Amino acid sequence: MHWADVLADELLKEEKKHVLATGITPSGPIHIGNMREILTTDAVYRCLIDKGGDGELTYVADDYDPLRKVYPYLPKSYEKYVGMPISDIPCPCGKHKSYADHYLVSFLNSLKEIGVKPHVYRANEMYKNGDYNQAIQIALENTDKIKEIIQKISKRQLPKGWIPFNVRCEKCKKLTAAKAVLYDYPIIEYKCDCGYEGEVDITKGGVGKLPWRVDWPARWKMLGVTFEPFGKDLGTVGGARDTGEKIVEEIYGYPAPKYTVYEFIMLKGEGAMHSSKGTALSAGEMLAMTPPEVLRFLLMNNQPGKHLVFDSGLGLLNLVDEYDKEERVYFGKEEATKGMKDLKKTYELSQLRNYPKTIPYQLPYRHLVTLIQIGESWDEVKKILLRTKQIPKDLSKDDENHLKQRAEHARYWLDNFAPDIVKFEVKKKLPKVDLAKEQKKFLLALTGKLSSVDWEAEDIHKIIYDSSEKEKIPIKTAFKTIYQIILGQEKGPRAGYFLSNLNKDFVLERIEEAVI
RNA sequence: GGGCUUGUAGCUCAGCUAGGCAGAGCAAUCGGCUCUUAACCGAUUGGCCAGGGGUUCGAAUCCCCUCAAGCCCGCCA
């Protein structure tokens, strides 16, 4: 059984409306590791609905969290904002409503692109609307109990006078600097490090925030959360999950949600991704270089507890191939190889929305990578594909869009991540090369045969061999010569296919020019 | 110190959430066609399933112990 089905079954033991929650703090670029949380939950959600359950997928952006420090990717001037809620800090690029939105908006766009549609909550609005007021009041009434729970389970000593609420100083706007002096419902008197002394009324929204270890359980109760996964960093004994479980049950009188712990995603060669350390690829970038169904496939095909290595180099091509193979097997075009697990479910969960009824038109991705380096626009690529009969004339609109979309991803990958070995450029003019006599002889033989041949990959391929044999030139030199005069480099894509995708007259003229 | 995950062919891994013949891909070797850019096709080789114990008619699979590796926690979230 697919892991998502196992989790969904677990939830279905209780017949009620399930709230499947995810939450991420948009304090930096949101990366694919964070995306795993959402896609994992989305998978369970889909399985739940498939099985006839009732559920909702939610995403809480904790944008009321204070900025912890000036991250490496921030200007030094942000020093003055440290401690303020990230929804109250100006946007680094100036185009968004706030610092939080700067990262959140692009992540929400990525979610849309990858086919996830959660109900989005913003913590700053929930606090300011007063949604948290009751939870805050209950927390403050139970200060001693909460303190005891946290101290006992996390083995952490909390300071004297600690209360489960961080007041936001009215003067310096920081959540991290004010110390409560006295609590007398509904007023908290406080003294801030900035020198200000004041009081806030907790029945008014947005005057402060519950600390994380209390905020989380409060939110479970408030939203009726029944399932929420979390990363392995939070899964540790004595961590927020442990204290949260106790707090939600004993203070808020609500059962702790079910969960799964998910592993991190490593970037090949760079270790785990951390938004704060800058070793992260943003979800946006990852999606720009990877077709969305393929990215989903990567996560759906692996249990959440398995750590993944994302290879933004050549490994990406293999991943796409693997997906395409899965697709062929799903539609019965190919035998399953042993080891393909939960093939049907995995494929279906990889789809953005509706499952296709017939197999989408497939073009080998590696070949597409070559083609888009020959044709500058999709129209040109399409022309080549039609001319060489690599796609049928009556290709459906959906299939064309699918290919076009893949071409865009491949293009982004080539421009930003692909290793040089797969890159080339068809030079508009003959590159400067000193050809040896034997190379010219080979070209002469080649051009004579090429001019009279059908412009087919196999035939061209054969002619290259014939010519090299006839002129007694090593085949390696023959290929090298072709690449030199067309690409200005010594290696290139498989010659037969490559040339057949170029215009015949162009190739003949180029050879002629080179021989002179 | 604690937690999680992993350990299966030379490499990367599936099989573990139904206990029932040990599996794939790549590499290697041989052949086809002098074969380019992780692209061809066919065949062959390759394993004490980390080690030990237990449960069972039967264990890679379930339980316990040991060893090794990776990551996380022991600031904040």
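These numbers were taken from a predicted model, which means no experiment stands behind them. Below, each value reflects all heavy atoms present in this structure, side chains not excepted, and no hydrogens, waters or symmetry copies.
- Nucleic acid contact class of A/V261 (heavy atoms, under 4.0 Å, all strands): none.
- The A/K306 side chain lies nearest to B/rA14 when the options are B/rU36, B/rG3, B/rA14.
- Nearest to the side-chain atoms of A/D65 among the listed nucleotides B/rG3, B/rA77, B/rA38 stands B/rA77.
- Counting non-hydrogen atoms of neighbouring residues, nucleotides and ligands closer than 6.0 angstrom, the NZ atom of A/K344 reaches no more than 12 such neighbours.
- The side-chain hydrogen bond (donor to acceptor under 3.5 Å, both in side chains) test applied to A/R406 returns A/E293, A/D324, not counting sequence neighbours.
- Of the candidates B/rC71, B/rA38, B/rU36, the closest approach to any side-chain atom of A/F264 belongs to B/rC71.
- Residue-to-nucleotide contacts include a donor-acceptor pair under 3.5 Å from the side chain of A/H461 to the base of B/rU36.
- Between the C1' atoms of B/rG25 and B/rA38, the separation comes to 13 Å (whole Å).
- Separating the CG atom of A/D466 from the P atom of B/rU34 is a distance of 11 Å, rounded to the nearest angstrom.
- Among B/rU36, B/rA77, B/rA38, the nucleotide with an atom closest to any side-chain atom of A/L314 is B/rA38.
- Looking at heavy-atom distances under 4.0 Å, A/G238 makes no contact with the nucleic acid at all.
- Residue A/K246 qualifies as open at atom NZ: its count of foreign heavy atoms under 6.0 Å is 12 or below.
- In this structure, A/H367 and A/Q303 both approach RNA chain B, and ranking their closest nucleotides by distance from the 5' end singles out A/Q303.
- For B/rU34, the base has no donor-acceptor partner in the side chain of A/Y465 [N/O atoms by modelled type, under 3.5 angstrom].
- Atom C1' of B/rG70 sits at a distance of 16 Å from the matching atom of B/rU12, rounded to the whole Å.
- Comparing B/rC16 with B/rC62, their C1' atoms are spaced 9 Å from each other, to the whole Å.
- Rounded to whole Å, atom C1' of B/rG25 lies 12 Å from atom CG of A/D321.
- Spacing between B/rG32 and B/rC71 at atom C1', rounded to whole Å, works out to 48 Å.
- Note: CG (A/L319) to P (B/rC13) measures 14 Å, nearest angstrom.
- Aromatic rings of A/F498 and A/F424 (six-membered ring for Trp) have centroids within the 6.0 Å cut-off, being under it.
- Spacing of C1' atoms, B/rC64 relative to B/rA24, comes out at 32 Å, to the nearest Å.
- The A/I475 side chain lies nearest to B/rU34 when the options are B/rU34, B/rA77, B/rA39.
- Distance check on atom C1': B/rG54 versus B/rA28 gives 40 Å, rounded to whole Å.
- Looking only at side-chain heavy atoms (C-beta outward), A/I251 and A/P217 stay at 4.5 Å or farther from each other.
- Against the 90° criterion about 0, the sugar-base torsion of B/rA39 places it in the syn range.
- Where A/G496 and A/G305 meet RNA chain B, the nucleotide closest to each residue was compared, and A/G305 sits on the side nearer the 5' end.
- A/K155 has no side-chain polar atom (N or O) that falls below the 4.0 Å cut-off from OP1 or OP2 of B/rG3.
- Residues A/F230 and A/Y262 keep their aromatic ring centres 6.0 Å or farther apart.
- In terms of modelled atom types and a separation under 3.5 Å, the side chain of A/K147 and the main chain of A/P159 share a donor-acceptor contact.
- A salt bridge is defined here as a Lys NZ or Arg NE, NH1 or NH2 lying under 4.0 Å from an Asp or Glu carboxylate O, and A/K152 with A/D242 fails to meet this definition.
- A/T243 meets the side-chain hydrogen bond (donor to acceptor under 3.5 Å, both in side chains) test with A/R213; sequence neighbours excluded.
- To the nearest angstrom, C1' of B/rU36 lies 12 Å from CD of A/Q489.
- You'll find that the side chain of A/R68 is closest to B/rA77, out of B/rU17, B/rA77, B/rA38.
- In this structure, A/G492 reaches the bases: a heavy-atom distance under 4.0 Å links it to at least one base atom across the strands shown.
- A gap of 35 Å separates the C1' atoms of B/rC11 and B/rU55, to the nearest Å.
- Atom CH2 in A/W3 sits about 16 Å away from atom C1' in B/rU5, given to the nearest Å.
- Nearest nucleotide to the side chain of A/D233, out of B/rC73, B/rU36, B/rC76: B/rC73.
- When the P atom is used for both B/rC63 and B/rC4, the distance is 13 Å, rounded to whole Å.
- Checking B/rA39, B/rA77, B/rC71 against the side-chain heavy atoms of A/R494 singles out B/rA39 as nearest.
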Given pairs defined as Watson-Crick or G-U wobble with both distances under 3.5 Å, what dot-bracket annotation applies to RNA chain B, with ( ) intrastrand, [ ] crossing, | other strand and . unpaired? ((((((((.[[[[.)....(..]]]].(((((.......))))).....[[[[[..)....]]]]])))))))....
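- Per the geometry, CH2 belonging to A/W413 stands 11 Å off P belonging to B/rA38, to the nearest Å.
- Regarding A/F417, its CZ atom lies at a distance of 20 Å from the C1' atom of B/rA38, rounded to whole Å.
- Between the CG atom of A/L298 and the P atom of B/rA14 there is a distance of 13 Å, given to the nearest Å.
- Residue A/S87 is tested with A/R122, A/K128, A/E125 for a side-chain contact (heavy atoms from CB on, under 4.5 Å); the sole match is A/K128.
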